[in-house]
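The structure appears right after this line, and notes come after that.
In what follows, every chain begins at residue 1, and chains take the letters A, B, ... in the order their sequences are listed.
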Amino acid sequence: MAPTYNIAMVSDFFFPQPGGVESHIYQLSTKLMDRGHKVIIITHAYEGRTGVRYLTNGLKVYHVPFLVIYRSASFPTVFSFFPIFRNIVLRERIDIVHGHASLSSMCHEAILHARTMGLRTVFTDHSLFGFADAASILTNKLLKFTLSDVDHVICVSHTCKENTVLRASLDPLMVSVIPNAVVAENFRPLYNPAETSSSATHSFGQNPPPARQLGPHDMITIVVISRLFYNKGTDLLTAAIPRILENHPNTRFIIAGSGPKSIDLEQMIEQNVLQDRVEMLGPVRHEEVRDVMVRGHIYLHPSLTEAFGTVIVEAASCGLYVVCTQVGGIPEVLPSHMTVFAKPEEDDLVAATGKAIAALRANKVRTELFHEQVKTMYSWTNVAIRTERVYNGISGAISEGEFYGYDAANAASWSATRGRSGVQSFALIDRLKRYYGCGIWAGKLFCLCVIVDYLIFLFLELWFPREKIDICPDWPRKTIDNRKEMGKDGLR
Amino acid sequence: MPEHDGLMRVFWPTDLPRSDLRGVVVGWKNSAFDVFALAILEEVESRNVESALKIGTLLRNASHPVSRIYELCGQSSMYILGLANTPDSVEVDPSWIHVATGTGSQVPSVTCASASSIQVVLFERPLPGRMQYISLNPIALALGDKHGIHRLDFPDSGEEDDEREERRKKETKRQLVEKLKQHSIVKRVPSAKEKALAKIVNQINWAWELEKLLQKNVSRIGTRPKRSLSVSERVVESATTMRDMMMMWMWDLVIVYILPVIKRIFVLGLMCHRVTAEMMLLILEWRARPKYAALKDISATAQQVEIRLQQFCYWPMQYVTLRLRKNDWESVTTSHPDYIRFYNSLWLVANDVIIGIALGSYIIDNATWVADEISNLLTTYTVEALQSSISWLMGWPAGLKLNTELAAFLGDLFLWVIDYWSSCIEALRPALPHIIWVIGFSSFAGASMPIALFSDLLSILTIHIYSFYLASARIYHWQLNILISLFHLFRGKKHNVLRNRIDSCDYDLDQLLVGTILFTLLFFLLPTVVVFYLNFAIARMAIISIKAVFDTMLSCLNHFPLFALMLRVKDPGRLPGGIRFELRDTQELRLAAHDPPKGHHSTSVIYLQSIPLNFRAMFHQYFQMGNRIRKHYLSPRVVLCLLTGKFVPPLNRKNLYSLQYSMLPARRAGVMEMWDAVNSLPATMRRAAPASLPVLPNGRKLPSIYSGGRARGYG
Amino acid sequence: MAPPSGLHQSAIPSDFETSVPQPQPGLVRSSTAPVNGALRSHRSDPYHLAPEDAFVLPYSPRRLGGFESGGNGSGHESRPRRMGRKDDTSRSRSRRQKRFQKLLWVKQSYPDNYTDQATFLENLQRNPRVQPYDFWPLVADSTVIVQHVCSVIIFVVCFVGIFQERVSPVSIVGWGSFATFLGWLLWDWWVTQEEDQGDAADGIARKGSMRAFREFGPPRRQSSGLGHPTLGTSNVSISSMSNFPSAASSSSNLVQDQHLQRPVIFGHYNGVSSTSLLNPDHAFSRSASSLHSATSQASAAAPARSSAGEEIPGTSRYRTTSPTRGGRVRLSTIKSAILIYSTLLGLSPILKSLTRSTSSDSIWAMSFWLLAINIFFFDYSGSWVGVHKIPVASLSTNAALMASTVLASRLPSTGQVFSLTLFSIEVFGLFPVFRRYARHRSWRYHVALTVLLVLGAGGGVGMIMGDERSWPWKNGLLGMLVGCLISALAMGGCSWWLIGLQKYKNEIYGPWDPARPIIISRRHWDDDQ
Amino acid sequence: MLTTAPHLYIRRPSPTTAEFTVTTCPPLTLPLRLALACVHAARLSLLLAIILLLYGRWTASPSFLGAEHIRALGSPVSLLLAGDFPSLVLSVLQLLHASAAGQVCARAATHLLPSWWGLAVLAGALLYATRALGRIHTTESLLVLRGLGIQTASSYSSYNANATGSSSGSSGGSCVVGGGGGRWWGRIFGGGGAGGNAKETRFIPTEKIQDVLINEAFRGFEVRYYLVVVVEGEEELVVVFPRLLPRRRIVEAVWRGVRGCLYEPDSSGVAAAGGGMGIGIGGGDVKSVDEKR
């Protein structure tokens, strides 16, 4: 039986705030709990969500009261989080701290403190950053600080992995690529609403659902669901929509989402009179996304940067033909027969959409098969299993050679700077060595921070002794049959 | 009985007379195993008592209808609960209890055959004659029917946003509570015992009177040897009856002939007073538009007069309601808060008048001195201090970089107005002693009147500061806005009204030039305006705080819970603030109870006390008012207004005085209603007249209570 | 920001604008391919990840660190890829078991943290669009800054002169106004010339911007048609007389694959090629911030401009037909001049006493900082956006004007105040426009102007430095000499230094960078509404 | 030494009635009693010192009546007999003032505190000190009566650390909010019955009890367990043992006890079973509790 762990997911972003990271954390935790681990979530207090809460499946959420600055990213106070974090970790008997989202300062602090307390740490990066502008440079420094002493890093796509390796100058072997997933049951196409998940084992060919034929003059609906920010490519969208509608008579748009750019869209609609062909729904809740998607045939995703792009997987799972820009990790996500790629240019986008529409009209695309295929590609259980392997690796449950692959021997060339992460020792001097390599001035500064952190840790051990902290009872753990899961997902 | 878990609950009055005689315990049976002992009838046979209970001899010649007892105690009849001081040899109904009330032990030892464990709840019977009673939730000193009207009254006041915000918070909290309801594991239906608590409270309140009644009728029970009276006793008896006859005759005489005349005159007087009051109230509350402020919102005096009139209109109604309680049992506790409120307001007015007389006489005696003082204060603080400060600002004060020309201009302007004003004050000075005298004279209507007048006088005499404040605030605000927009222009941006954000915009050259020069100009002129503005703003704030002090004094004078405090000191039993239990140590009970406890019996003795109302609840409304004032003046909103030169509104009088209305009904009774009420009173008196006859012997029976009750009541 | 970097950033785009036209964010990684329908079908853009990329054998496997500039590599690499894509499906299916693919949707037999030496970081590129500066163009570009600094110095000199009552304010403002008038006449003459060409070139514009007409009907014809041809021709003219250093510099500053660019530009229809230059938003953002935020700035600025469109009658006014246009322009110019004149006349008495209570030192410090702001935030990019769209860098102009106002308020008499303020308006408000236009007009004027300014500034400083009683012209000449020396040293030294700094440049680009979208039709629905 | 960690007493005379008391008061041993006595002596002397300071300041002030005038009032004993309390107080104070300590205080008052302001500040500070000293032990109790309801009581004076159960139940043990103030008022109005027992009780009838559950909340730098009663129709939860917040062991014991004692056996089975759930269902309404903090 595989060992089970007590895992604490730390991030600034969690429900009730909607978003990709949030649902990722929730789904992953749920699946991990199904696999018999104990998972708690530490995030900051939201409006109307404070204190300690239990979600329905026994997932425990600590909403730590913290000051929130921009877009629910909490104010970076390096050390003030430590006492309460230590208290939670001790009372929950945590042995693995798993931070999410490189923009959440809470996660970084948690990883730092966890290392000080001698826990294993994992970090999951959900976003891409450039190297040019000042903000990203600052973020990269911070990330380097955190990740120079982390046990393992998980990225959602290969592009994300490259980016993270470069940003934090990491050993590529301690960075795993584990994609996001979708709950395929929640994103069923319209035509077979009552479909059991038992058919997940179908191969593509056998008993396919009836193909829906599309006449040459049927109305083709193009769906766009995204927050209307600049980096979501709303400008492209705004520029492309009138031309697409001009080129293809029987098409209409459904746009869901809100943001600063929505005004531009409305302006565009009013200017060349398109009110009857473009429908703006405004913000939709995550559970309504499917209902919006199934109203359309094509999903248009004009994003300018995207680490993974869960939404296009959801769209494909809903049986939509996806037109997306060829940026970031998007090309890795879906096979080419589900997508039409476009360069982030107005003309190219228009042309790609035209190609997609033409293909649909010619009924060349078997969109009704997408659901099954996507279901076999992405499942949270699979993600959970792979994450579990990472946990096993860092906690030494599986041997290092196995974990770091066959070339662990010659990989020494890769890990020039730091020791093997699997055996990363908690000795203060080793950690200081690692931090010192972060830069000329930054290295010294980081070492200072670490030393202060360690002193605080000693003081806390003295002031709030461990035996004064109540151990809280575990939610009854689930036990699963590992082999079945393995067989089901057919992974290694 | 489904919820029978062998728990026997016995309510036992501690102050039942203790004796070693055998007796029958009579009381209520709320449910099986939940009994309430009323009295021990001594030396009677249980079956006689049973029959007597059936035919109701025990409640003979009650002073008031008996049915009311049953309806209020929630039981249809009394039962025999058990026997007292009987040897265990006597075989009885197993559900009966055996009580041993030895004179030695203050706690009776209760045993029951069919109960595995027993709760003995001891309590002390409140004396209805003294208007003592117990209740589960604290007595309400304020009328409760405000809030609906409170909302309707001023939707457009300054408090509005705060209140809305409060309401929002309440709403979210309510939703949380709703969510919490879904969390409870098992929803259990409360057992009969648990539902009985309200009834039991009533029964406790009734216990004293009922016990007295029962004891009075004990003599009628059973075959007691009725020995004939001796002669002497007969003589005495006839004499007493004779005297009673005489008194009753005279009493009738008074009631029939003299009383109606007096009452009629009194009622007529009341009515015409009421009509005049109505008219004055109409004047006071008249407002041109619903938005506009009525007279009573503007001046404190009008407010004060209005309150007094409202009280005068309310008293007769209160009195009528209080009179009605005379022809009911004294244990009916519904009207006690009314009683307290009524006499509280009476007392307050009396105190007010007393203090007022002292104050008024003092003021009248040395009106001239007071007038001089006031005029000196006025000249020193509202004229000279202002002048000196302005002239100080005119020469560069404290190294502030003021613009000389502008400072000179503004200073001269204000100085000129002040000179004009001071000349007006001079003109007014000779009349001041008369005004003071009038104020002093007005204080014979109560000390609150001169205070209100003073606060009005203050606001009238400092009207120039107010206007200065307004003017400087306007200028400052205007200049600030222009500066902000010009600063946007300076940065080459402009505020986009449509999207409510700052957009970048390329201006024409000439726009830029003129805008920049103006910006520089205003920027360097700003400090001058700021210091002047601040000067007047501070003065304004000082005046507002003084007026706030006045208002607080007024509200203290008008609504200090004086009577309640007195009661709290004298007889805490009359202000119930809830109940509390105390678990008594049972081993001492065991020692006290001489019989060794039976094995399966585990008895727990609980002591029930009524906790008097705490002081926080009494002064609750003052806390409320304090909160209001704090929220209005110490809020960041006000600071923001001060900084941006917006007009800081004074606290809306209605909000401040909502405390004061809490003693008055939301809408006062119309003239006709009052007429009906006052006329309904004599009829009730008639009905009450025969009923009030046995009150006398009754009163003779317990003189202490009645004298006590009356004296404390009306004294 | 530090002066050298500022100089660097502002120097590059300035050359793009005046030089060969090209699609707007012309250097974006994702758009180095022409925006051409014929070329779009095959992938000529190697930096994109595509699903197929996982199957084909990469041309030159790269490691961390071992990179040459991605630009040249791209050209060779695109070919074998294109061939390899013919039969990708069959081959990939055969290899699916053993080959590692950079895909997420295939279940592959490698651990999650497996790092494929071949495909890992294959798309990383370093300094893809660093172009080596060469010396003379940089010097030529730095003349703009020298001009501005010199004009500021001249202004300060004038103030000191007035303040020490060595020069009479009236003479200064008189000469200033006279020069301004001359400048205006010259400018007006140029304007009329250009508009004649513009009307002549209207026909070309018709053909060029067909799509614009289709989208936005006849009433907008003039507006959308007007802009391009003038610029189209001007571009042609400039690039034709490319023996001048300016053109040389601009062409040198182009992207490495010019051979690819040029046919595109001229093969491409005129509307598109010139709109990107015409778009004032881009001009602004270019000058204001680095290349990355270009489009963001533009999109932010777009609505503002659109809403500003109605307010300023000028824009709509210029769209009328040519003959009466010039007259109206002159009328409006005269009107605004009169307006400013009277405003100053009215305000100067107040200005005189404005800062009397403030101590002189603080005033000096304040004006110094304001002038510094002016120098640093000045719009050095000679971005040419049409005759009547005078791009005024608001912040710098306002700062200079405020400084002059503050300085003027130190002067004792109203006349001095008035004249100084007026002079400052001429120097900071109008003169830059003239300079820019002169530079756009011909390089010769530009150089002459620069020399004049340097001489004047040096001489003025010399005269101020020197004491009164001795003969001032000696000092003046000395000052001119020194000034010329200093400016020459500065221009040469700074350029040399900047070139020296180039080798420390290390930019990393990859698929993770947010793409910069190419949006063509924005201008249409931005400008006219 | 004076206090211990909060620990639990249970008095349960019958299975349907139980009182859970959590107190910081260790069992009263002789040294403890001595220490308490010392503390009280210190407080008394402090109070006396304050009074003497004020009095000394007063004697120094011109508005003083004059010592001989006060002596003329007569001996304290006679005044006591006469029942003239103000002058009695005066004379006693005068006597004390005449004593050595009084002299010291007076000198201190006249020299150290030239202004009334300083004096007032000092007096306030000392008073506060005495009151703060007053709270040595905190005792909070929970009384469960089947069929009646739950009553929480918390008292935190040094007298009745162990008097919660056996305080003589005469009428009107005053219930006043607020710590020391409560004690003073209790002295005055409580009829002396409760012996200065500032006891804050709250009775909740059974049918208004919606649920009794254990919850967690952030407090300062830690997460604490606490027992909470959900009252129907109220938006604030009633926290049991609000000041002590005992540890999980105690809280759970009390919770099980309440479940078993309050309800009839059929539902108490559910209570025993719902151990984890009792903790689990707490999540709902941490907000109001947090606001309580």
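The CG atom of N163(A) lies 8.0 Å from the CG atom of D513(C); values are rounded to the nearest 0.5 Å. Rounding to the nearest 0.5 Å gives a distance of 11.0 Å between CG of D112(C) and CD1 of I385(A). Once rounded to the nearest 0.5 Å, the distance linking OG1 of T115(C) with CE of M174(A) reads 11.5 Å. Distance CZ/R167(A) to CH2/W512(C): 10.5 Å, rounded to 0.5 Å. Between the CH2 atom in W105(C) and the CD atom in Q373(A) there is a gap of 9.0 Å [rounded to 0.5 Å]. N113(C) contributes atom CG, which lies 9.0 Å from atom CD1 of I178(A) (distance to the nearest 0.5 angstrom).
Between V327(A) and A515(C), the closest heavy-atom pair is CG1-CB, 3.7 Å. E332(A) and K102(C) make their closest contact through CG-O, 3.5 Å (heavy atoms, listed as atom of the first residue, atom of the second, distance).
Per-residue heavy-atom pair counts under 4.5 Å with chain C were compared for E306(A), K161(A), H158(A), and the maximum is reached by H158(A). For the set L236(A), L304(A), V153(A), I154(A), the entry with the most heavy-atom pairs within less than 4.5 Å of chain C is L304(A).
Only the backbone of V156(A) has a heavy atom closer than 4.5 Å to any heavy atom of chain C. Interface residue F129(A): only backbone heavy atoms are found under 4.5 Å from chain C. Only the backbone of V175(A) comes within contact range of chain C, judged by heavy atoms closer than 4.5 Å.
Two residues are said to be in side-chain contact when any heavy atoms from C-beta on lie closer than 4.5 Å; P514(C) and N231(A) fail this criterion.
Side-chain contact annotation: K107(C) with T376(A), donor-acceptor N/O pair under 3.5 Å absent.
For the side chain to side chain contact (heavy atoms under 4.5 Å, CB included) with L104(C), the lone residue among L334(A), V333(A), N180(A) that qualifies is V333(A).
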